[in-house]
Number of protein chains: 2
Amino acid sequence: MAQVIADRRDVDFVLHEQLNAADLSKNEKFAEFNKKTIDMIVTEARSLAVKEFLPINKEGDEIGATFDGGKVAVPESFKKAYDLLREGEWTAMTEDPEYGGQGMPQVVSRAANDYFQGANYAFMLYAGLTHGAGRLVEVFGTQEQKETYLKKLYTGEWSGTMLLTEAEAGSDVGALTTTAVKNPDGTYSISGSKIFISGGEHDMTENIIHPVLARIEGAPPGTRGISLFLVPKYRVNADGSLGDFNDVVCTGIEEKMGIHGSSTCSLTLGGKGKCIGTLLGQENKGMSAMFVMMNEARLLVGMQAFGCATASYMSALNYAKERIQGRPLTAGKDASVGGVPIIRHPDVRRQLMNMKVMVEGMRSLHYYVGYCQDMAVLAGTEEEKEKYEGLVDILTPIAKGYGTDKAFEVCSHGVQVYGGYGYTKEYPVEQYLRDCRITMIYEGTNGIQAMDLFGRKMTMKKGKLVMDLFGEIMKTVNAAKAIDSLKDAAEKVEASLNKLGEAARHLGKTAMENVDLAFAYAYPLMEVTGDVVMGWMLLWRAVIAAQKLEAKPKDAAFYQGQIKSVEFFVNVFLPVALGKVNSMLATNGAAVEIEDASFGG
Amino acid sequence: MAQVIADRRDVDFVLHEQLNAADLSKNEKFAEFNKKTIDMIVTEARSLAVKEFLPINKEGDEIGATFDGGKVAVPESFKKAYDLLREGEWTAMTEDPEYGGQGMPQVVSRAANDYFQGANYAFMLYAGLTHGAGRLVEVFGTQEQKETYLKKLYTGEWSGTMLLTEAEAGSDVGALTTTAVKNPDGTYSISGSKIFISGGEHDMTENIIHPVLARIEGAPPGTRGISLFLVPKYRVNADGSLGDFNDVVCTGIEEKMGIHGSSTCSLTLGGKGKCIGTLLGQENKGMSAMFVMMNEARLLVGMQAFGCATASYMSALNYAKERIQGRPLTAGKDASVGGVPIIRHPDVRRQLMNMKVMVEGMRSLHYYVGYCQDMAVLAGTEEEKEKYEGLVDILTPIAKGYGTDKAFEVCSHGVQVYGGYGYTKEYPVEQYLRDCRITMIYEGTNGIQAMDLFGRKMTMKKGKLVMDLFGEIMKTVNAAKAIDSLKDAAEKVEASLNKLGEAARHLGKTAMENVDLAFAYAYPLMEVTGDVVMGWMLLWRAVIAAQKLEAKPKDAAFYQGQIKSVEFFVNVFLPVALGKVNSMLATNGAAVEIEDASFGG
């Protein structure tokens, strides 16, 4: 039977042939996670995703979360799925077993998430936020906060959220107006209104824990005066039982383009009664605390988009193999030749190749970032730790910003391969496209990702992050150059890397003279960085494939597909990337110079 | 007050400064349509669109067309709107007044449609199909058919459709199985099932006229054996009154990603009783007849997508001017500088510029194609007529294929500019994105448009069409070269044009050796052709603007905006187009060579 969501062969390839994830088990921390265990985890995740989460994805879309008098209901089927997610202990795969986690390497959790996100990303959002809230408690919580909340969050008994955005404070978090007033007992009374809160209210768990950004009375304006608080929906008694309602009132949910199964809530805190929170971390250090969570959240958003993309690719591929339509071009006027599956048509193949290279390259990237997180944890030296953390840092805006852009494109190709059927709700691809669209916006719009890459990550530690990244890429390039069949591709990736470096230096210089002008090109810089990283990942895959092919393996088609992917990418995507570099080097100022009035309106 | 849907200044610029539409009134055929009349038409269309059609666009999306027991109901508000459309005689703007048309130049109708499609494209679909059916009757109908149907279609008293697609015959129309059996009285009994029929059933008109593609018993297979029939929902008595139900049964409507207000119907003809049709045109010549309508329909689809794009741009622009969020980059750490409207941020400006150049260039293109249609009608010589018809022919896949792709991108930018709000149904931009997506698929997928451009239009008449197009582009390039401030832009458009020619010749040669390989690059060829055409249109605009600026006009900002548009386009879009040309010239065969099994799945 045709596979859905993700190609298991490709998942295994990245885990075991590209990243050798089982080698992590040589370290005590991950000792349990040998190849057999990893495979079992992936098999179980796939089974759960395919059998339980995927079938209710459409119901999540059609019924969606509903709001009635302050209460939010999720589709009934989500409740059973949530119980299964908890029973399988999938809610905190990578976290400390002491607090209910599974202690799994990040890279392995990526494979599980590949299937989970692809099966039902709206549903998985509840768990993703919960996990993020748990992380905040783990990293910044007092012993008491940990004891009260952590295990319940990591096991999913209670769910969690992330309360940043307000109506007038979105991208500009520093503009928020929610306030915190200290009570004599050391707690804080919180009041304010938050919007766009995923999972802010629902009926799957008995309590919901909200990390809330607010300003303590008298704190400085802007981001320097923001603190982080832990605010439960129901207060928690000393014995862990639920206490009074904490006046976190859901005033409505958003009607959205997609992810209808995920409730996007407006919450008012302390509007009528008293809303009590405890400080999480230090006063006025809320932003940096939140960034710990935000960076992980951004990587998760990349995975959400990737889930839509891989699921869309598998759907479109299966459809293209089955759908008979049109005669082959090569048949010419020979009327004896009948219709063929549409995968035989060159333009459909072009679209499938576009999807294939992006799904493969992106899968490698996401897993690789997870692998770097693991390596940073295992690092024997500060230097090694710093290197891997730096790679995670610089690749985060690529995984999120570039990754979600490209995932949306893949999802659009998916609709197109289906033709008119793709636009109907009879097939899942239009939902993937709609669901995927938000990933380009939330957890920092992709414009903000581009600014983060250019303005922060590329300049951090005097450019060490970018130099480390380039160094890793060159390792692969050099390995590929030694293989005849990959020499051309390797040279093209190298040439693009060099041009990327040139563009980055040029824009860096430009920024010193005209910051607006330089930042008008931050976006294409992110795009080209992403293209180069994709080229790297695909080349890396091809190096392995070329080696494996020497032994004439039974599944040669898979490995040959890897060679074809990099060939396609360097010849179709990289020339366009070079065009973007030329545009960056020209640095035309029209976009910043044009008068507002000249836009019309 | 801020403008919505379209920028009137820009509409007027294209009509009166770029194309001098009023000059058409020098010819007797268009004598009425002087500048004053044109302006009045645009003003009335805008008023109707803004006051009546735009406000019900959301209702059309939310309520949509509904199906119950074979009957389809449109939202109640659509009925009043339809009456207004009819009362204003907007249903056949360009058609013969003898049959209820207004006899308007095509170029003027484009301006009206700019507002109509942008206001409510799902609603306008009913009228668009009706008009198309009328055209078929006008061109191919017998005197009797014309007398029976034409005026009722052109005035919108009855509506029309277009029955091509069947479940197994979409892109491959020749695979259709609907049959026609000749009756003794010369009529035909039709039987078969059709899908994806826009406006196939609804409750706005008392009768619906279906042009139907079917195969007469014994006709050859494939497209050579297809005939066109006129099949009314209710038979028409000799006196014009409605007769019996003609057994055209709606069996359901599609649930879709967008254009919910438009009913997309499955129809069964002659399933239970008798479905009688009359031959329209000649036996077995149905495909060529349908192509007359299809080409016009493709241009209309381009306008539908453009409507979404221009409306999205105006929305995003207005929002960007009003929404305060974030401090300017130039403020650095100066805390005294507060938030600014987001239009002040370079990355938002970059997005708005992307939208601006596409909306402007595309507006010019659509109006220009209309202008060419008018010039073909007015042509004094066969040669002139042939030239203008050729320009329409070669620009049709650009207006449809490239145009809808880019419109979708513009709509996606529109969502992005709004941030999280853009994903909600509180603002119209997410609907524009959803509605727009179908335009890339129907009336021939964009892949088919690319094949039409490369395989048909570029080779027609030994390449005369493409040479005429290049000749027209060079006229503008040469005019621009004579203006100092545009010399650079002109040279860049010229260089791209030359590279496009090189790529087209190269792919033409490739096709003789390997047709699949060549056609795997038909799509980028269409994209680059589109980019060059956009460059041409923007340069043309800039030439006019540069001339006007010499007189230091009051609205200099508008003209300066034209200079900035071409500057942005040639420096940001054309380098990418050149990258695509390089990719075409390399003509890597990975997409066609890869084994099906290597795609995975």
Side-chain angles (χ1 to χ4, degrees), chain A residues 2-3 7 10 170-172 196 254-257 314 317-318 325-326 329-330 343 346-347 349-350 352-353 356 419-420 423-425 430 438 441 445 447 515-516 519-520 523 557 560-561 564 567-568 571-572 575-576 578-580 582-583 586 588 590-592 594-601, chain B residues 2-3 7 10 170-172 196 254-257 314 317-318 325-326 329-330 343 346-347 349-350 352-353 356 419-420 423-425 430 438 441 445 447 515-516 519-520 523 557 560-561 564 567-568 571-572 575-576 578-580 582-583 586 588 590-592 594-601:
Chain A
Q3 296 190 75
D7 187 321
D10 202 59
S171 294
D172 184 9
F196 296 162
E254 300 292 336
E255 297 294 322
K256 309 183 296 289
M257 183 181 191
M314 295 310 286
L317 179 61
N318 292 334
Q325 192 75 185
L329 285 172
T330 46
I343 195 174
D347 191 65
R349 296 178 88 76
R350 177 192 64 81
L352 291 173
M353 279 306 279
K356 178 181 196 280
Y423 195 68
T424 71
K425 295 187 184 291
E430 69 86 28
I438 187 60
I441 298 172
T445 64
V515 67
D516 275 345
F519 275 88
Y523 208 92
Q560 279 153 355
K564 287 297 173 200
E567 204 182 303
F568 184 81
N571 284 293
V572 172
V576 174
L578 291 178
K580 281 188 188 156
N582 290 336
S583 166
N588 175 271
V592 291
I594 186 173
E595 287 178 47
D596 290 2
S598 296
F599 280 106
Chain B
Q3 295 190 76
D7 187 323
D10 201 60
S171 295
D172 183 8
F196 295 164
E254 301 292 337
E255 296 296 319
K256 308 183 299 286
M257 183 182 192
M314 296 309 285
L317 178 62
N318 293 332
Q325 191 75 183
L329 285 171
T330 46
I343 195 174
D347 191 65
R349 297 177 88 75
R350 177 191 64 81
L352 291 173
M353 278 306 277
K356 177 179 195 282
Y423 196 68
T424 71
K425 295 187 183 292
E430 68 85 29
I438 188 60
I441 298 172
T445 65
V515 65
D516 275 346
F519 274 88
Y523 209 94
Q560 280 153 355
K564 287 295 173 204
E567 205 181 300
F568 183 81
N571 284 294
V572 172
V576 174
L578 291 178
K580 283 189 186 154
N582 290 336
S583 166
N588 175 269
V592 290
I594 185 173
E595 286 177 48
D596 291 2
S598 296
F599 280 106

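Chain A is the first sequence line, chain B the second, and so forth, proteins listed ahead of strands; every chain is numbered from 1.
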**Student:** In terms of heavy-atom pairs under 4.5 Å, which option from A:Gly447, A:Ala597, A:Pro575 contacts chain B the most?
**Tutor:** A:Pro575
**Student:** Is A:Leu578 in contact with chain B via its backbone, its side chain, both, or neither, using a 4.5 Å heavy-atom distance?
**Tutor:** neither
**Student:** Is A:Ser598 reaching over with its side chain to a backbone N or O of B:Ala557, donor-acceptor style, under 3.5 angstrom?
**Tutor:** yes
**Student:** Counting distance only, does the side-chain N/O of B:Gln325 pair as donor-acceptor with the main-chain N or O of A:Ser171 below 3.5 Å?
**Tutor:**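 Yes.
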**Student:** Between A:Asp7 (side chain only) and B:Gly601 (backbone N and O only), is there a donor and an acceptor less than 3.5 Å apart?
**Tutor:**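 Yes, the answer is positive, given that a donor and an acceptor are paired below the 3.5 Å cut-off.
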**Student:** Please list, chain by chain and in numerical order, all residues satisfying salt bridge (Lys or Arg N to Asp or Glu O under 4.0 Å) with A:Glu254, sequence neighbours excluded.
**Tutor:**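 In terms of salt bridge (Lys or Arg N to Asp or Glu O under 4.0 Å), with neighbours along the sequence ignored, A:Glu254 is linked to no residue.
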**Student:** Heavy atoms only, distances under 4.5 angstrom: which of A:Ala586, A:Gly561, A:Ala2 has the most pairs with chain B? Name it, please.
**Tutor:** A:Gly561
**Student:** Need one label for A:Phe568: side chain, backbone, both or neither, based on atoms under 4.5 Å from any heavy atom in chain B.
**Tutor:**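 Contact with chain B is through both the backbone and side chain of A:Phe568.
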**Student:** Sort out for me which of A:Leu317, A:Asn582, A:Leu352 touches chain B most, counting heavy-atom pairs under 4.5 Å.
**Tutor:** A:Leu317
**Student:** Is B:Asp516 close to A:Thr330 at the side-chain level, that is, under 4.5 Å between some pair of heavy atoms?
**Tutor:** yes
**Student:** Out of A:Met257, A:Glu430, A:Met353, return the one with the most heavy atom pairs under 4.5 angstrom to chain B.
**Tutor:** A:Met257
**Student:** So which heavy atom on A:Phe196 is nearest to which on B:Thr424, and how close?
**Tutor:**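 Scanning both residues, the minimum pair turns out to be CE2-CG2, 4.0 Å.
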**Student:** How close do B:Arg349 and A:Ala591 get, counting heavy atoms only, and between which atoms?
**Tutor:** NE-O, 2.8 Å
**Student:** State, to 0.1 Å, how close A:Ala520 and B:Arg350 come at their nearest heavy-atom pair, and which atoms those are.
**Tutor:**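 Shortest heavy-atom separation between A:Ala520 and B:Arg350 comes out as O-CD, 3.4 Å.
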**Student:** Could I get the full list of salt bridge (Lys or Arg N to Asp or Glu O under 4.0 Å) partners for B:Lys580, not counting sequence neighbours?
**Tutor:** B:Glu527
**Student:** Kindly indicate whether the side chain of A:Gln560, heavy atoms from C-beta on, has any atom under 4.5 Å from the side chain of B:Ile594.
**Tutor:**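 No - every pair of side-chain heavy atoms lies 4.5 Å or more apart.
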**Student:** Can you check whether A:Asp347 reaches B:Phe519 side chain to side chain, under 4.5 Å on heavy atoms?
**Tutor:** no
**Student:** Using modelled atom types and a 3.5 Å cut-off, is there a donor and acceptor pairing between side-chain atoms of B:Ser583 and backbone atoms of A:Asn571?
**Tutor:** yes
**Student:** How close do B:Lys425 and A:Lys256 get, heavy atom to heavy atom, and via which atoms?
**Tutor:**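 In this case the closest contact between B:Lys425 and A:Lys256 is CE-O, 3.2 Å.
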**Student:** Can you tell me how far the NZ atom of A:Lys564 sits from the CZ atom of B:Phe599, to the nearest 0.5 Å?
**Tutor:**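 If I round to the nearest 0.5 Å, the distance is 11.0 Å.
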